[in-house]
Amino acid sequence: MKKTIIISAIALGFAFNTSNAATFIEDVPFSTVVKKSKVEVSPFCMAIVKGDIETVKKLIQLGADVNAKSNGMTPAMYAAKYNKTEILEVLVKEGADLKKKSQKGLTAMDYAKQSKAIDAMAYLDTLS
């Protein structure tokens, strides 16, 4: 008898929780659903992040814009952030604008400082 009462109480508890969850889901307006968007980084900037200098040079030869933003950052910002000094030098030779700011209001030097990219900071300091 005690087992039957305990099992009935547990079953009733589960039934109550399930009905409350269903009611809650029905009460949520459809407009509160949040859509996540996929962040796309250009192949040019991905080559910079990976440190693939040959691909970077080839893309520049093919007409890649050294100042075009990808996900709010310029190629020079990516190179500075990931301490890719050799690539940063190539970008500067090709006309990269180091004073340009990201959507967050940061420059290539700011990204280098945030990432503690010592080599990139040293290189950028020589240009100031």
Side-chain angles (χ1 to χ4, degrees):
M1 182 73 172
K2 287 182 182 180
K3 287 183 184 178
T4 307
I5 293 173
I6 292 173
I7 292 173
S8 298
I10 291 172
L12 184 61
F14 280 122
F16 180 72
N17 285 336
T18 304
S19 68
N20 279 345
T23 303
F24 175 73
I25 291 171
E26 291 170 2
D27 291 342
V28 176
F30 184 72
S31 62
T32 61
V33 175
V34 177
K35 287 177 69 177
K36 290 186 179 182
S37 61
K38 186 176 179 184
V39 176
E40 296 272 337
V41 177
S42 72
F44 185 49
C45 291
M46 285 305 300
I48 293 168
V49 170
K50 292 178 181 178
D52 188 352
I53 192 163
E54 295 306 317
T55 301
V56 170
K57 288 178 180 177
K58 191 66 169 176
L59 290 171
I60 290 171
Q61 286 176 353
L62 294 172
D65 184 356
V66 295
N67 289 308
K69 289 185 178 180
S70 175
N71 197 27
M73 294 170 51
T74 65
M77 292 172 192
Y78 280 101
K81 180 177 182 174
Y82 292 98
N83 205 29
K84 307 297 181 188
T85 309
E86 192 175 351
I87 294 174
L88 190 55
E89 291 173 11
V90 170
L91 295 171
V92 169
K93 286 178 188 172
E94 293 296 327
D97 181 2
L98 299 176
K99 294 183 181 187
K100 204 168 192 178
K101 294 190 177 192
S102 69
Q103 290 175 338
K104 295 180 180 179
L106 303 173
T107 63
M109 179 60 101
D110 295 328
Y111 281 105
K113 287 177 182 176
Q114 278 185 349
S115 300
K116 295 179 178 58
I118 296 168
D119 296 334
M121 283 189 293
Y123 175 71
L124 292 170
D125 270 340
T126 65
L127 300 175
S128 301

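Few gaps surround CD on Gln114; more than 12 heavy atoms of other groups in view lie less than 6.0 Å from it. Dense packing is recorded around CG of Leu127, with more than 12 heavy atoms of other residues, nucleotides or ligands lying under 6.0 Å away. Counting non-hydrogen atoms of other residues, nucleotides and ligands closer than 6.0 Å to NZ of Lys101 gives a total of 12 or fewer.
Atom CD1 of Ile53 sits about 8.0 Å away from atom CD of Glu89, to the nearest 0.5 Å. In this structure, OG in Ser70 is found 11.5 Å from CG in Asp65, a value given to the nearest 0.5 Å. For the atom pair NZ (Lys113) and CG (Leu106), the distance works out to 11.0 Å, reported to the nearest 0.5 Å. To the nearest 0.5 Å, atom CG of residue Leu59 and atom SG of residue Cys45 are 10.0 Å apart.
Without hydrogens or angle criteria, Asp110 side chain to Thr107 main chain gives a donor-acceptor distance under 3.5 Å. Listed for the Lys57 side chain is no donor-acceptor partner under 3.5 Å among the backbone atoms of Asp52. With Asn67 contributing its side chain and Asp97 its backbone, the two residues share a donor-acceptor pair below 3.5 Å. Side chain of Asn83 to backbone of Ala120: a donor-acceptor contact under 3.5 angstrom is found.
In the hydrophobic cluster analysis, where Ile, Leu, Val, Met, Phe, Trp and Tyr join through side-chain heavy atoms closer than 4.5 angstrom, Leu98 is grouped apart from Tyr111. Using a 4.5 Å cut-off between side-chain heavy atoms of Ile, Leu, Val, Met, Phe, Trp and Tyr, with links allowed through other members, Phe44 and Leu88 fall into different hydrophobic clusters. Residues Tyr78 and Met121 fall into different hydrophobic clusters, defined by Ile, Leu, Val, Met, Phe, Trp and Tyr side chains chained together at heavy-atom separations under 4.5 Å. A continuous path of ILVMFWY side-chain contacts below 4.5 Å connects Met46 to Met73, so both sit in one hydrophobic cluster.
Counting heavy atoms from C-beta outward, Ile60 and Leu91 have side chains that approach closer than 4.5 Å. Looking only at side-chain heavy atoms (C-beta outward), Tyr123 and Val92 come within less than 4.5 Å of each other. Contact check for Val66 versus Val90: no side-chain heavy atoms found under the 4.5 Å cut-off. Considering only heavy atoms from C-beta on, Lys50 stays 4.5 Å or farther from Thr55 through its side chain.
The two residues Lys69 and Thr74 make their nearest non-hydrogen contact at CG-CG2, 3.9 Å. Closest approach of Ala68 to Pro75, counting heavy atoms only: O-CD, 3.2 Å. Between Ala80 and Leu124, the closest heavy-atom pair is CB-CD1, 4.1 Å. The two residues Lys81 and Ala117 have their closest heavy-atom pair at O-CB, 4.3 Å. Closest heavy-atom contact between Ala76 and Ala108: O-CB, 3.9 Å.
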